[in-house]
Amino acid sequence: MSKAVIRLTDVSKTYDTGAIQVQALKHVDLVINEGEFVAIMGQSGSGKSTLMNILGCLDRPTSGKFYLGEDDVSVMDPKELATVRNKKIGFVFQSFNLIPRTTALKNVELPMIYARRPKTERRRQAEALLARVGLADRGDHLPNELSGGQKQRVAIARALVNQPQMLLADEPTGNLDTGSSLEIMELFTALNSEGVTVVVVTHEEEIAAYCGRVVRFKDGQLISDLLQEPVRPAAAAKGGDDR
């Protein structure tokens, strides 16, 4: 039986704006197991961004429990949450979040520097991960010398360096053209086939189609949670701007 990577029990999140209270999440129960490829979907205001912040240990629920693996992160202090983020979650963002004046290799090394890993080990691991995402020959390039798809591949390599329990991708194809978007989703598919748990927050049905499970939110509530047969159009990934 697969172990739960994420377990939310009766999770709610309320923001107090002073004049009013906004309930962004309402009594959410959700379990995501090791090796799943899950899309979190919903329109603006649905609660999916709040959920992403909680899953990424960037925020805490107002009530309810959130377990990441065996750890109850809903009761952790900010320092403990920062440690969990660095060691157990790999983040991939819409805007890539690469350091502009730093090479692709150095960008990938960054989380390992925070983790105080030796320099030779950092370089070896970063080179291996750039090769894994198809950028073995781009390590000495700055971000402005890379295409959008290549930047996102660097970001994915960086997200993998500490062997996280899951990859959490927030609109990872939002700044990419169609061809590059397909290539990034094919890369996520390949990583998932190797056992990596992938959670993608998106509003695009074409992106969610790659996932084996789609969880939908509306008005802060989980309204559907369905398994599906993911698409595997490998040929469609050709023609992006990575080559």
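Please read these numbers as outputs of a predicted model, since none were measured by experiment. Side chains included, hydrogens not; waters and symmetry mates left out as well; all remaining heavy atoms used.
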### Task
Mind listing the closest non-hydrogen atom pair of Leu105 and Ala126 along with its distance?
CD1-CB, 3.5 Å
### Path from Met185 to Met52 over hydrophobic side-chain contacts below 4.5 Å
no
### Task
Check whether any side-chain heavy atom of Leu51 sits under 4.5 Å from a side-chain heavy atom of Val201, and report yes or no.
no
### Message
Looking at every non-hydrogen atom in both residues, tell me the closest pair between Asn86 and Pro111 and how far apart they are.
### Response
ND2-O, 3.8 Å
### Query
Would you find a donor on one side and an acceptor on the other, under 3.5 Å apart, between the side chain of Asn53 and the backbone of Leu58?
no
### Task
Look only at the side chain of Gln23 and the backbone of Tyr15, and say whether a donor-acceptor pair between them is shorter than 3.5 Å.
no
### Message
Strictly distance-based, threshold 3.5 Å: is any side-chain N or O of Asp77 a donor or acceptor partner for the main-chain N or O of Lys79?
### Response
yes
### Query
CD/Gln125 to CG/Leu130 distance, rounded to the nearest 0.5 angstrom?
10.5 Å
### Message
Is there a continuous path of hydrophobic side-chain contacts, each under 4.5 Å between heavy atoms, that joins Leu81 to Val199?
### Response
yes
#### Entry: Neighbour count >12 (heavy atoms, 6.0 Å) for atom CD, Glu121
yes
### Message
Just so I know, are the side chains of Leu30 and Asp225 near enough to count as touching, which here means a heavy-atom distance under 4.5 Å?
### Response
yes
### Message
Please give me the minimum heavy-atom distance between Cys57 and Phe66, naming the atom from each residue.
### Response
SG-CE2, 4.2 Å
### Task
Test Phe96 against every option in Leu176, Val154, Asn107 by the side chain to side chain contact (heavy atoms under 4.5 Å, CB included) rule and name the one that passes.
Leu176
### Task
Apply the test side-chain contact (heavy atoms from CB on, under 4.5 Å) to residues Glu171 and Lys48: give CA-CA distance (whole Å), side-chain angles for both, the deciding distance (0.1 Å), then the verdict.
CA-CA 11 Å; Glu171 301 284 0; Lys48 72 178 188 300; 3.9 Å; yes
### Task
For the residue pair Asp29 and Asp10, establish whether any side-chain heavy-atom pair is separated by less than 4.5 Å.
yes
### Message
Please check: side-chain N/O of Arg117 versus main-chain N/O of Met112, any donor-acceptor pairing under 3.5 Å?
### Response
no
### Task
Output yes when a side-chain donor or acceptor of Arg60 lies under 3.5 Å from a complementary backbone atom of Met76, and no otherwise.
yes
### Summary
In this structure, CG of Asn192 is separated from OG1 of Thr197 (nearest 0.5 Å) by 7.5 Å
### Task
Supply the atom-to-atom distance Thr202 OG1 to Ile207 CD1, rounded to the nearest 0.5 angstrom.
5.5 Å
### Task
Assess whether atom CD of Glu70 is packed by more than 12 heavy atoms of other residues, nucleotides or ligands within 6.0 Å.
no
### Task
Indicate yes or no: does Arg153 engage Glu186 in a salt bridge with an N to O separation below 4.0 Å.
no
### Query
Does a side-chain heavy-atom distance below 4.5 Å link Phe188 with Cys211?
no
### Message
Between Asp59 (side chain only) and Thr50 (backbone N and O only), is there a donor and an acceptor less than 3.5 Å apart?
### Response
no
### Task
Supply the atom-to-atom distance Arg158 CZ to Asn97 CG, rounded to the nearest 0.5 angstrom.
6.0 Å
### Task
Determine the minimum heavy-atom distance between Leu98 and Lys151, stating which atoms define it.
CD1-O, 3.7 Å
### Task
Report yes or no: does Asn162 contribute a side-chain atom to a donor-acceptor pair with the main-chain N or O of Pro164 at less than 3.5 Å?
no
### Query
Any sub-3.5 Å donor-acceptor pair from Glu36's side-chain atoms to Gly212's backbone N or O?
no
### Exam field: side chain Thr103 to backbone Leu142, donor-acceptor pair closer than 3.5 Å
no
#### Entry: Step-by-step side-chain contact (heavy atoms from CB on, under 4.5 Å) determination, Val92 to Gln152
CA-CA 8 Å; Val92 180; Gln152 196 60 290; 3.3 Å; yes
### Task
Report yes if the side chains of Ile6 and Leu68 come closer than 4.5 Å at any heavy-atom pair, otherwise no.
yes
### Donor-acceptor contact present, side-chain Thr62 to main-chain Thr14, <3.5 Å
yes
### Task
Kindly indicate whether the side chain of Val214, heavy atoms from C-beta on, has any atom under 4.5 Å from the side chain of Met41.
yes
#### Entry: Chi angles and distances behind the side-chain contact (heavy atoms from CB on, under 4.5 Å) call for Ile54, Leu25
CA-CA 10 Å; Ile54 290 174; Leu25 289 178; 3.7 Å; yes
### Message
Same cluster or not: Val196 versus Leu187, using hydrophobic residues (I, L, V, M, F, W, Y) connected whenever any side-chain heavy atoms lie under 4.5 Å apart?
### Response
yes
### Task
Give a yes or no on this: more than 12 heavy atoms of other residues, nucleotides or ligands lie within 6.0 Å of atom NZ of Lys26.
yes
### Evaluation steps, side-chain contact (heavy atoms from CB on, under 4.5 Å), between Phe91 and Asp170
CA-CA 8 Å; Phe91 291 96; Asp170 182 21; over 6 Å; no
#### Entry: Non-hydrogen side-chain atoms of His141 and Leu135 separated by less than 4.5 Å
no
### Message
Count I, L, V, M, F, W, Y as connected when their side-chain heavy atoms are under 4.5 Å apart, and connections chain through other members. Are Ile32 and Val198 then in the same cluster?
### Response
no
### Message
Please report the interatomic distance CG(Leu182) to CG(Asp177), rounded to the nearest 0.5 Å.
### Response
9.0 Å
### Task
Determine whether Val5 and Val28 fall in the same hydrophobic cluster, where Ile, Leu, Val, Met, Phe, Trp and Tyr are linked whenever their side-chain heavy atoms lie under 4.5 Å apart.
yes
### Query
To the nearest 0.5 Å, what is the distance between NE2 (His203) and CZ (Arg216)?
12.5 Å
### Task
Answer yes or no: is there a side-chain heavy-atom contact under 4.5 Å between Arg132 and Leu191?
yes
